[in-house]
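Here the structure is laid out as structure tokens; the discussion comes afterwards.
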Amino acid sequence: MAKQNVAEQCVDILVRAGVQRLYGVVGDSLNPVVDAVRRHDNIEWIHVRHEETAAFAAGAEAQITGRLAACAGSSGPGSLHLINGLYDAHRSMAPVLAIASHIPSGEIGLGYFQETHPDQLFRECSHYSELISNARQMPRLLQTAIQNAIGQSGVSVVALPGDIASQPAPDKTIEHALVTTLPSVRPGDAEIDKLVRMIDEADRVTLFCGSGTAGAHAEVMEFAERIKSPVGHALRGKEWIQYDNPFDVGMSGLLGYGAAYEATHECDLLILLGTDFPYNAFLPDDVKIAQVDVRPEHLGRRSKLDLAVWGDVRETLRCLTPRVRVKSDRRFLDKMLKKHADALEGVVKAYTRKVEKHLPIHPEYVAAVLDELADDDAVFTVDTGMCNVWAARYLSPNGRRRIIGSFTHGSMANALPQAIGAQFTDRDRQVVSVSGDGGFSMLMGDFLTLVQYDLPVKIVLFNNSALGMVELEMLVAGLPSHGTTNVNPDFAAVARAAGAYGVRVEKPKQLAGALKDAFRHKGPALVDVVTDPNALSIPPKIRAEMVTGFALSTSKIVLNGGVGRMLQMARSNLRNVPRP
């Protein structure tokens, strides 16, 4: 048997770690790795048109499967293009391994063609970023990178010069068993005891949930029932906690709705469960707060804590729930459920009057019809901006659907590349890219990736010919909108020219049929929906202290608008409130 080279050894280790695909764009310094993938039976090279897409796709795959995913870029500009998608994966806690191929090892530091320093460039968006400077570092360095990505739920980067990748792998290398699953982490007994006392002493407890409640839905519901607590959520907690939730009071934050804000401010004790909710202006400063998180660095960085509990949510609640006293007083819970239903009744009216006849089409109507027609186990990837608003308010989770976006990093153009990664995990599962025209056009070249691989991704394009969220930010800052208008082509015609299914929708009565036809189509499809550019989700009155941009918000309730089927859920929960 011929001796392995370093690139072949690298690919073998990736396969052993569970990697099934390597997303990227080929290039000279990366060629040894790509060739090793070509000759391996258990891994596939996915050729995208832009490396940023490769990183987004890998991040989405990791979020869907929970397993390590991988991407690669060639030296200099190639690997630099990975950085935005890697930032998103890292901040989404998606385990991703990136291979940044490098210039010849003997030229590093001498200003060579395409020279960068990838081991330094990626440090801020990774847990581990190192250079393989000689063949003897393999495979230990790669194995260490993999363990960091999986163990810390984020990105690792390995910089690999092309000449070293071609060298023979050293004899008697140390290969160890790879850890590919995360452990359960329970808090210490002392922290559980303190939290039990705080809960038992509080008359009004509210739970506020984030993405750390994934896999803990049953435990959260049992706990909320025991202590008669309203349950609110952040955007990233929506898909895990909103469905089958008789304690639901909506979402807090810039895209919030319902009574979540009131519930978190009118309680005696607020318990933050698995959330690194970034907007501290929406958190109270005059109630007791306890936080449970498996990532200790998240504890207390958004608000002053009365108790920090290090543990994953499911294991913590399994320890906690049997030990707290059962509360019988439902008055606070029922008050919040009624406030929630009343709040949704008030905002939904503006978007239900003659909506089927409104021109241009209300984007809220598009989102509501999409929610109704999409599969019960669909994966939605959602562009940043106004698409986030429509997804937050209209896409109904049910425990089987997934909703993925750049919810922490806030990048444009994420939906299409994330849909690519999601669809590769299961070609038979419906994947819908909820795209804005600004985000879609930014990485539109990778629509050709859908065609090349015949990926059946369905793109529902909210086409208002504007950067709508930026217009909103300018508006509430008292600035005239400028530089936010897009001159767009007929995107459906572009899709057809590329070899995909494309249809343009300009009237509401055409929408349902167009979506059904696109969903029935076996290959990639794009539905270009011309939507109302004036449908900005803003409160009836704009005050000076309201939002001037996401990062600088001091507003308590910023956005307002329709809520789709969530009103039905709120009404249903309200019917369950015991009557005297």
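A donor-acceptor contact shorter than 3.5 Å is absent between the side chain of Arg236 and the backbone of Asp276. Under a 3.5 Å cut-off, the side chain of Asp375 and the backbone N or O of Ala378 do not form any donor-acceptor pair. Here the side chain of Arg21 pairs no donor or acceptor atom with the backbone of Ile43 at under 3.5 angstrom. Between the side chain of Gln423 and the backbone N or O of Ile420 there is no donor-acceptor pair closer than 3.5 Å. A donor-acceptor pair under 3.5 Å links the side-chain atoms of Glu115 to the main chain of Gly109, judged by distance alone. No side-chain donor-acceptor contact under 3.5 Å links Asp383 to the backbone of Asn388. Side-chain atoms of Ser126 never come within 3.5 Å of backbone atoms of Val157 as a donor-acceptor pair (strictly under, hydrogens ignored). Using modelled atom types, no side-chain atom of His298 and backbone atom of Gly274 make a donor-acceptor pair closer than 3.5 Å. Remark: side-chain polar atoms of Asn414 are paired, donor with acceptor, to backbone N or O of Val382 under 3.5 angstrom. Using modelled atom types, one side-chain atom of Asn5 and one backbone atom of Ala7 make a donor-acceptor pair closer than 3.5 Å.
Judged purely by distance below 3.5 Å, without hydrogens or angles, the side chains of Thr53 and Asp446 pair a donor atom with an acceptor atom. Judged by distance alone, the side chains of Thr484 and Glu471 do bring a donor and an acceptor atom under 3.5 Å apart. Between the side chains of Gln143 and Arg16, a donor-acceptor pair is found at a separation under 3.5 Å. With hydrogens and angles left out, the side-chain atoms of Ser105 and Asp163 include a donor and acceptor closer than 3.5 Å. Counted by atom type alone, Asn42 and Gln20 present zero donor-acceptor pairs between their side chains at under 3.5 Å. For the 3.5 Å distance criterion, the side chains of Gln152 and Tyr128 fail to qualify, holding no donor opposite an acceptor. With hydrogens and angles left out, the side-chain atoms of His409 and Asn84 include a donor and acceptor closer than 3.5 Å. One side chain, Ser133 or Gln137, offers a donor N or O that lies under 3.5 Å from an acceptor on the other. Thr531 and Asn464 share no donor-acceptor pair across their side chains, judged by distance under 3.5 Å alone.
A pairwise comparison of heavy atoms in Ala60 and Ala422 identifies CB-N, 4.2 Å as the closest pair. Looking at every heavy atom in both residues, Tyr501 comes nearest to Ala518 through CE2-CA, 4.0 Å. For the pair Cys71 and Ala55, the tightest heavy-atom approach, listed with the atom from each and the gap, is SG-CA, 3.9 Å. For the pair Ser406 and Ser411, the tightest heavy-atom approach, listed with the atom from each and the gap, is OG-N, 2.9 Å. The minimum heavy-atom distance linking Ile361 with Glu506 is given by the pair CD1-C, 3.7 Å. Considering all non-hydrogen atoms of both residues, Leu370 and Phe380 come closest at CG-CE2, 4.2 Å.
Put simply, the side chain of Phe519 reaches to within 4.5 Å of the side chain of Lys458, judged on heavy atoms. Side-chain contact between Met386 and Pro363: absent, with no pair of heavy atoms (C-beta onward) separated by less than 4.5 Å. Ile132 places a side-chain heavy atom less than 4.5 Å from the side chain of Val158. Side chains of Asp12 and His40 form a contact here, defined as non-hydrogen atoms less than 4.5 Å apart. Side-chain contact between Gln147 and Thr144: absent, with no pair of heavy atoms (C-beta onward) separated by less than 4.5 Å. No side-chain heavy atom of Val503 sits less than 4.5 Å from a side-chain heavy atom of Gln510. For the pair Leu395 and Trp390, the minimum side-chain heavy-atom distance is 4.5 Å or more. In this structure, Ser396 and Gln242 have side chains that are not in contact, with every pair of non-hydrogen atoms separated by 4.5 Å or more.
Remark: Thr449 OG1 to Arg49 CZ distance equals 5.5 Å, nearest 0.5 Å. In this structure, Tyr394 OH and Glu372 CD are separated by 13.5 Å, a value rounded to the nearest 0.5 Å. Summarising the geometry, atom OG belonging to Ser156 is positioned 10.5 Å from atom CG belonging to Leu86; distances are rounded to the nearest 0.5 Å. Separation of atoms CD (Gln167) and CZ (Arg136) is listed at 9.5 Å; rounding is to 0.5 Å. A distance of 9.5 Å separates CG of Asp532 from CG of Leu359, quoted to the nearest 0.5 Å. Between the NZ atom in Lys238 and the CZ atom in Arg393 there is a gap of 10.0 Å [rounded to 0.5 Å].
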From CA spacing to verdict: side-chain contact (heavy atoms from CB on, under 4.5 Å), Glu52, Leu443: CA-CA 9 Å; Glu52 184 176 350; Leu443 283 177; 4.1 Å; yes
Run Phe447 and Ile459 through side-chain contact (heavy atoms from CB on, under 4.5 Å) and show every step you take. CA-CA 10 Å; Phe447 185 77; Ile459 297 172; 3.5 Å; yes
Before giving the answer on side chain to side chain donor-acceptor pair (under 3.5 Å), spell out for Asp377 and Gln430 the whole-Å C-alpha distance, their side-chain angles and the decisive distance to 0.1 Å. CA-CA 7 Å; Asp377 66 343; Gln430 186 181 77; over 6 Å; no
side-chain contact (heavy atoms from CB on, under 4.5 Å) between Leu178 and Ile150, worked out: CA-CA 10 Å; Leu178 292 168; Ile150 295 171; over 6 Å; no
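Residues meeting the side chain to side chain donor-acceptor pair (under 3.5 Å) test with Glu124, sequence neighbours left out: Tyr87. For Ser435, the side chain to side chain donor-acceptor pair (under 3.5 Å) partners two or more places apart in sequence, or in a different chain, are Ser433. Qualifying side chain to side chain donor-acceptor pair (under 3.5 Å) partners for Thr381, counting only residues two or more places apart in sequence or in other chains: none. Residues forming a side chain to side chain donor-acceptor pair (under 3.5 Å) with Arg38 (at least two apart in sequence, or on another chain): Asp35.
Under the 4.0 Å criterion applied to side-chain N and carboxylate O atoms, Arg401 and Glu239 are not assigned as salt-bridge partners. Ion pair Glu8/Arg39 flagged as a salt bridge, since at least one NZ, NE, NH1 or NH2 atom sits closer than 4.0 Å to an Asp/Glu carboxylate oxygen.
For Phe424 and Tyr453, the ring centers sit closer than 6.0 Å to each other. Aromatic pair His47/Tyr23: centroids not less than 6.0 angstrom apart. Checked against the 6.0 Å centroid threshold, His90 and His127 count as a close aromatic pair.
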Under 3.5 Å, sequence neighbours excluded: what are the donor-acceptor pairs made by side chains of residues 92-103?
unit_1, atom_1, unit_2, atom_2, d
Ser92, OG, Asp88, O, 2.9
Ser101, OG, Ser29, OG, 2.6
Ser101, OG, Gly73, O, 3.2
Ser101, OG, Ser75, N, 3.2

Distance-only donor-acceptor hits, side chain of residues 521-529, under 3.5 Å, sequence neighbours excluded:
unit_1, atom_1, unit_2, atom_2, d
Asp528, OD1, Asn463, ND2, 3.1
Asp528, OD2, Phe491, N, 3.1
Asp528, OD2, Arg504, NH1, 2.8

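Checked against Val33 for a side chain to side chain contact (heavy atoms under 4.5 Å, CB included), the options Leu22, Leu14, Val26 give a single hit: Leu22.
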